Every structure is written in C-alpha cells, then in structure tokens.
Amino acid sequence: MNTSTAEAKAGGSPAPEPRPSNFIRDIILDDLKTNKYQGRVQTRFPPEPNGYLHIGHAKAICLDFGLADEFGGHTNLRFDDTNPEKEETEYVESIQEDVKWLGFHWDGLFYASDYFDQLYEWAVKLIKDGKAYVDDLSAEEIRKYRGTLTEPGKDSPYRNRSVEENLNLFERMRAGEFPDGSRVLRAKIDMASPNLNMRDPVMYRILHAEHHRTGNKWCIYPMYDYAHGQSDSLEKVTHSMCTLEFEDHRPLYNWFIQQLGIFPTQQIEFDRLNLTHTLLSKRKLLQLVQEGRVRGWDDPRMPTLSGIRRRGYTPEAIRNFCASIGVSKTTGSIELAMLEHFVREDLNQRAPRVMAVLRPLKVVIDNYPENQAEEMDAVNNPEDATAGTRKVPFSRVLYIEQDDFREDPPKGYFRLSLGREVRLRYGYFITCKSIVKNDRSEVVEVHCTYDPATRGGNAPDGRKVKSTIHWVSAAHGVDAEARIYENLFSKENPSDVEEGRDVLDNLNPNSLEVIPNAKIEPSLANPTAGSRYQFERLGYFCADPDTKPGKPVFNRTVALKDTWAKVEKKHGAR
RNA sequence: UGGGCCGUCGACUAAUGGUAGGUCAAGUGCCUUUGGAGCACUUUGUCUAGGUUCGAAUCCUAGCGGCCCAGCCA
C-alpha cells in the first residue's frame, strides 16, 4: 500500500492504487502548495494506554500513518498518559504490537509523560503571566460555578489571587502538601464563554497515584486538554487529526499555543468509525472483559485488533476496509457487511482450501470395497495456481454435512436426498439409496452407491449433477473443535438501549457456539496457530492459539456467502 | 433554549459552479467440480423552500433534521 507507486513504476504494472480523496488530504495538499510548513507533514497517533486498540483506532491509524507516508512525512506514536489511575504498561505493549501488526512503523515513540517537566514550566509561565490560577473550590463547586449550556458561569472567588500566591500554592501542590481534590490549577480565560471548554478549564489536578512511567515523581498531573495540544506542538506536528468531539476543544488548544508562543499545530477533526452490531467504546469493552462477558481483550468476538486478529482477519483486509470507507465529518455508521466483504476478498485470494465437516452425517458407500482407500487429488486454491494440489484420502465410510442431506428436499434444494445423485468434491458421484433413522426419527446414516467411472469428480459420459458437496473420510478424518461466532450484539445499534437498561443487556447470548467434534481432513491435523484456511463451502477459519497437538481448534472468521441460505430464508422459515 | 459541527442511493463516500460516479448491500442473468469465486446487467440519491446564475449537490437566505459539549476522563 505504501510502496505501490514505486512498485508500479518499477514493475510496469498497472496504475498505482488510487488514493481516495478526502477533505483532510485536500487540506494537506493545499498546505504543501502554499508551503505552510516548509513542505513538512508530521502526524501522530496518540492513544491513551487505558485499553486495547479496536477497529475504530485502525481508521485513525491508517489516516495518521497513511497520509504522512503518502507525502513523505513522519508519524509518531505518542501515548497520552496523563491519567495514571487508568493507564497500564500492558496496554502500551498491546498498542505497539497492534500498530505493528497493522503494518505501520512509527518514527518517534513518545509519551505525554515525557513532557511533564516542560508542561509544568509552562504552567508556571502562565501563572506568572496572570493566565492561570490555583482554585480551592471543590469539584462540585467548580461544576456549579461553570454555569450551564445556556447560562454563563461565575468567577471563582479564588480567581484573582496574586501571582505570588498562585506560584506558592502551585509549587506546594507539586510538593505534595495537599490532598487529592483539594485544589486545581485553572486557566484564566472566560467564565462567560459560550464554549464551556473556555470557562477556566482545569489544567492540573492533584493525584497521589503512581504513574506507569514516572512512578511517584509527580502527585499533580496535567489534564488531557492541557497536555495534548502542547505535546503536538513540541513534536512539531503539522496536521493533528482527531475525532469530532474534540472540535470544541480546538479553541482551547489554540489558546494555550498562543499564550505560550509555541509551534502552531493545526488540528483537523473527522468522524470516528461506527460499525453496526458493534460496540466501540473502550470503557464498555473494558467492562466486557472485567465482567467476564468475553474471554478477554482478544476474544474473537471483540472488535479489538487483537480480537479480530485472533478471529482470523488480516491487516490487509483492515487496511483496505479503512481505505474504502473514507474520511469525512458526517456522523454515520458503516454496515458490518462492508468489513466482512474485505476479509472475504482478501482471504479468497490467499487462504488454502480444505475440507471439513462441522455437523457430521455418516455416509456409507455400499458398493465401495470394505478395506480400500484412495488418495484423491485436490486443488489447494483455485484462485492461486501456484498453491498446488494435495492428496485427500477417500474410503467407504465418509462424513458429510448434515445440511447437505434432506429427507424431504424443498424446492430448489440441489444437494443429496433419496434417489438423487451429487458429486463428492474431488471424489466420485454418489447416489443416495436408503437412509437409517434413530428412534427419534432423525436420519443418522445415509447409504449410497458410487460410480467408479467418475473418479475425481468427472463423468466421462458428460452427465451433470446439480451440486457438489464436501466430505471427510471417517477412517482418516481428525476431530477438531470449531468455534462459530455470531455478532456480539444482534441489534444493529447496540447503544440503542431502553430506559433503565444497559448496553450490555443487548449482548447476544448466542454469540459463541462451540462445535466440539467437527471432522477435518488429515492434512489439517496439526495447524500452526494463526494459520487461515477456507473450509470449502463453509467459510474462512483460523487456527486458534488454544490448538494443542492432536486437538486443533478453529475460529470461524467469516462465513462464505450462502446463496441457498438466502433463498431458503426468503421462501419462509421451514 | 447557548455554542460547535453535519445533512448526496438502504449504508459509506466522490463530484471543489458544468454528464450526480464508486464501493458495500439488494435484485437479475451468465458461468461454475465450493449454491464459493468471477462476469454482465438493474433498482434506488443531492433534507425543504426561496434566491443568485446561461447553468447549483456545490454560492446566499430561511426553515427542518441529526450529532457533540455543563469530568479534577480522554
């Protein structure tokens, strides 16, 4: 993606991947034209290490890194770690892993906490300039003094302390003389501003908490709003992309930059990613993990990058998805089908095909010799001629998918039923002759005959068959666990919650189905964790890290498109 | 009800005063040793009302609708 232009020229391949136009790219193009930053493009991706990255962050990452890459710029990874109570080293590690996995490389690796000394000095300067003051009001009082959306706020009684007193108090805040919550440092701006962020925002609060990097050096910590803009400025960030909700904060960031006379970073806001059936709130995701509603941050049902990675998504699929959804300021929600399209598209090209039966139904081929077994040639990937072929063992007793046999086939059903002939993929044509039922009248065994002339699946007489089904030899197949996922939330908008209920009440109770005894072809017996396959006619599957020798575990990444299921559903539930 | 931002097919997004296009979804057909994949075709859209203009999705005015903001979270 990043090198497509060069490769296209060198290799003489067709036109390079077109860069989708978006308003931020246009701004950069314009800034380059007017030489606003001497040709520099410096961006940053600034996560708070208080949780794992999710697919929404991928959009921001692709934007921040992608735009810088395109214009020969640089991108920093900066952890905005201004709240020691919520941040942990585990998160900074997972975030780095996820960014790398997505395929991006940062130039500088920074932390807002790297700037704590500088930020403190600047706070002192603002105090000296009469632009900041120590406030003794309680949190609740500050809230009351702030006014409302429609009424202006009131000045704090401490607003006009002398510079000396402010300096003294702020120094003593830092020295640890005061308990948490007793005082804050505030910017002196305008308590009547229609923009609430400008009503003397808090710059520093007292927090006697250990910081994941600075340890116990500090007991006062800068607020995000006081740290973010200056951090960008210190890194000479030219284009600082963030989500829409920070639009109202931009005047404040600009105010600090102006008062301090430092490098003027330009902030540009865009709409955050929303995905149907998906919750993208770090806070709620944390709750899912903490309450054990999922198996962890990397549960394959989670929208976290670690979760969808475990599920089997590829970085390429995610990047293509991000490129295709575009960037704008309109608040909207992408259909999950869009994401799924891009994994299918990617995996279709690269995933080796393999045969696996999720819900086995025994098939006995009555006219096939008892102790015979044959090795059938199977194509590994019809989309990739270089993928070669493999041998798949065939014998008298086979498993097929329960779904591929109907005692009473509905109209339009092409698969096996009494008297009907189908093709076993890469095997033989078989015709169903009889069935065996258990005492609950369920079909437990299907008896067929095969046509020896159709070996490999070709009929020399040119006779056609309406369907081809997959199978696994009973004697050679291996047991595997398959984990089938549905949306964590069946509701299109999980946040659409009734009065008095919680988002988590919308959790889909059927989001995970474990199939303990699927049958897989022997070539799949010992998969390496993370390897991806297409189980023919079923979907894409990825070997889970829970896989043990002799006990493979597969996650279904996404099902194949199922035209028949659609038709059957349309013709009424049967 | 103050402030900020935003309204283009069902979803997302282009068109930067000059042919409303693309992707996903949906549908139809072709093809097929995956009812997969692929190919072809089709349906559906500029929030409303005025105005400027030879010409408006684009500019202006007024409405209507949606999102965000009252953390010592980010």
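Just so it is clear: chains get the letters A, B, ... in the order the sequence lines come, proteins before strands, and each one is counted from 1. All of these numbers come straight from a predicted model, not from anything done at the bench.
- A sub-4.0 Å separation between OP1 or OP2 of rC73(B) and a side-chain N or O of Arg205(A) is present.
- A sub-4.0 Å separation between OP1 or OP2 of rG35(B) and a side-chain N or O of Ser467(A) is absent.
- Between rG71(B), rG35(B), rC73(B), one nucleotide has an atom nearer to the side chain of Lys86(A) than all others, and that is rC73(B).
- For the OP1/OP2 pair of rA70(B) and a distance below 4.0 Å, the side-chain nitrogens and oxygens of Lys144(A) include no atom meeting the criterion.
- The nucleotide whose nearest atom lies closest to any side-chain atom of Glu335(A) is, among rC73(B), rA11(B), rA70(B), rA11(B).
- Taking only side-chain nitrogens and oxygens, Arg186(A) never comes nearer than 4.0 Å to OP1 or OP2 of rC72(B).
- Judged by distance alone, the side chain of Tyr120(A) and the main-chain N or O of Arg174(A) form no donor-acceptor pair under 3.5 Å.
- Ring geometry for His228(A) against Tyr253(A) counts as tilted: the plane angle lies between 30° and 60°, on a 0 to 90° scale.
- The aromatic rings of Tyr111(A) and His212(A) lie tilted to each other, with the angle between the two planes from 30° to 60°.
- Between Ser21(A) and rA15(B) there is a side-chain polar atom (N or O) within less than 4.0 angstrom of OP1 or OP2.
- A 4.5 Å side-chain heavy-atom check between Leu398(A) and Val472(A) finds every atom pair outside the cut-off.
- Among the protein residues, Asp26(A) comes within range of the nucleic acid bases, having at least one heavy atom under 4.0 Å from a base atom.
- Within the structure, a side-chain polar atom (N or O) of His341(A) is placed less than 4.0 Å from OP1 or OP2 of rC24(B).
- Applying the 4.0 Å criterion to OP1 and OP2 of rG3(B), one finds that Ser193(A) has every side-chain N and O outside that range.
- At least one side-chain nitrogen or oxygen of Thr82(A) sits closer than 4.0 Å to the OP1 or OP2 atom of rA74(B).
- Closest to the side chain of Thr563(A), out of rG35(B), rC68(B), rU16(B), is rG35(B).
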